[in-house]
2 protein chains.
Amino acid sequence: MFKQFRDIGIKLTPQRMVIANLLTNNSTHPSAEDIYHAALEQIPGMSFATVYNTLEIFKEKGAIRELNIDPERKRYDPDTSNHHHLICVKCGKIIDVFDGVDVNVVNDTISEFKIAEVHVEFYGVCNSCEKKNNKE
Amino acid sequence: MFKQFRDIGIKLTPQRMVIANLLTNNSTHPSAEDIYHAALEQIPGMSFATVYNTLEIFKEKGAIRELNIDPERKRYDPDTSNHHHLICVKCGKIIDVFDGVDVNVVNDTISEFKIAEVHVEFYGVCNSCEKKNNKE
DNA sequence: ATTTATGCAAACAATTTGCACCTTT
DNA sequence: AAAGGTGCAAATTGTTTGCATAAAT
């Protein structure tokens with residue numbers, strides 16, 4: 001599982017392995033602070049600088065993606081394939097959407113661009129928040 | 001032109017009028033700092049706190065929208081209608097896209113949400129950056 | 001030995017807040 | 001005089017950086 005990290009030129013130290021582990025198969029889109037706290041439990045003495053350095057390297061090498069969804073802090077997504085997000089405006093939950101979304105474009109301004117990626121965010125209220133709301 | 005601001009319950013002081021003016025008919029998606037500097041030229045002594053307070057009020061009342069496109073700072077958009085953005089990854093330019101974009105959804109997870117808004121960002125390279133690139 | 005990563009603390013940048021003063025009702 | 005807005009400075013939050021130590025090649 002760490003093979004893919006080494007393959008793209010990331011030297012895996014114990015700290016980085018812990019961070020890589022925390023990111024992989026994690027769909028919560030954690031912030032640097034989330035990762036720092038979780039990592040601290042596995043490596044006492046783990047530093048914030050290391051978390052930030054590691055996230056920077058992972059991002060540079062294309063192992064993870066930085067999300068701009070949360071205006072207060074950067075969040076990280078271990079899935080670098082093009083996918084979209086569903087955001088609950090009540091509880092802040094962010095859910096991945098991999099398929100069933102089709103963006104059709106017929107627009108001259110856009111045609112003049114060399115588009116590399118298309119990100120779609122769906123803002124709304126999730127099921128559990130909706131239920132909570134109805135009970136009040 | 002200030003009428004619409006008053007109509008939604010915003011008391012218009014001189015400072016707020018300057019800020020409202022800087023925002024309206026401005027498609028550059030300025031940051032709080034951009035606005036502060038521009039406002040300072042019209043009202044010497046204008047404070048940062050006032051800019052932030054004003055942006056907060058405008059946002060609360062629905063006169064402007066806060067954008068999460070730039071990971072380093074919040075940006076503000078005077079257009080609160082649902083539209084999309086074209087972002088040049090080279091020069092950072094952000095261009096509004098009002099039509100010709102159609103998002104089709106066939107996805108159960110999304111169906112369970114009460115969707116309020118859909119934002120699409122197109123990341124790519126704009127024409128002028130593309131030309132610059134070719135000359136090098 | 002040289003390069004590279006870590007951890008600490010200090011520095012930074014964007015934003016927010018507390019509070020005294022000044023307006024406007 | 002009561003309410004709300006402004007400006008200043010200090011505080012907070014998220015992130016980055018400089019540097020000495022430690023680890024890996």
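Residue numbering restarts at 1 for every chain, and letters A, B, ... go by the order of the sequence lines. Computed from a prediction, not measured in an experiment: that's the story for all the values here.
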Return the value, rounded to whole Å, for the distance between atom [atom1] of [X] and atom [atom2] of [N].
X: D70(B); N: dT15(C); atom1: CG; atom2: C1'; answer: 14 Å
X: N53(A); N: dT3(C); atom1: CG; atom2: P; answer: 19 Å
X: R6(B); N: dG5(D); atom1: CZ; atom2: C1'; answer: 16 Å
X: F48(B); N: dA13(C); atom1: CZ; atom2: C1'; answer: 10 Å
X: I10(B); N: dG4(D); atom1: CD1; atom2: C1'; answer: 15 Å
X: I69(B); N: dA14(C); atom1: CD1; atom2: P; answer: 18 Å
X: E56(A); N: dT17(D); atom1: CD; atom2: C1'; answer: 12 Å
X: E60(A); N: dT4(C); atom1: CD; atom2: C1'; answer: 14 Å

Does [X] place a side-chain N or O at less than 4.0 Å from the phosphate oxygens OP1/OP2 of [N]?
X: T50(A); N: dG7(C); value: yes
X: R73(B); N: dT15(C); value: no
X: Y52(A); N: dT15(D); value: yes
X: Q15(A); N: dA23(D); value: no
X: T13(A); N: dA23(D); value: no
X: K74(B); N: dT16(C); value: yes

Selected nucleotide, minimal atom distance to A49(A) side chain, candidates dT6(C), dC8(C), dG7(D) = dC8(C)

The side chain of E33(A) lies closest to which of these nucleotides: dG14(D), dG7(D), dT4(C)?
-> dG14(D)

Do you see a donor-acceptor pair shorter than 3.5 Å between the side chains of D108(B) and S111(B)?
-> no

Go through the side-chain N and O atoms of D34(A) and H29(A) and say whether any donor and acceptor fall under 3.5 Å apart.
-> no

Under 4.0 angstrom, heavy atoms only, what part of the nucleic acid is E72(A) near: base, sugar-phosphate, or nothing?
-> sugar-phosphate

Look at the side chain of H37(A) and the backbone N and O of I35(A), then say whether any donor-acceptor pair between them is shorter than 3.5 Å.
-> no

Near-ring test H85(A)/H119(A), centroid separation under 6.0 angstrom | no

Close aromatic pair by centroid cut-off 6.0 Å: F58(A) and F5(A) | yes

Would you mind telling me which residue lines up with the more 5' stretch of DNA chain C, A32(B) or M46(A), judged by nearest nucleotide?
-> M46(A)

In terms of the nearest nucleotide of DNA chain C, which residue is placed more toward the 5' end: K11(B) or K11(A)?
-> K11(A)

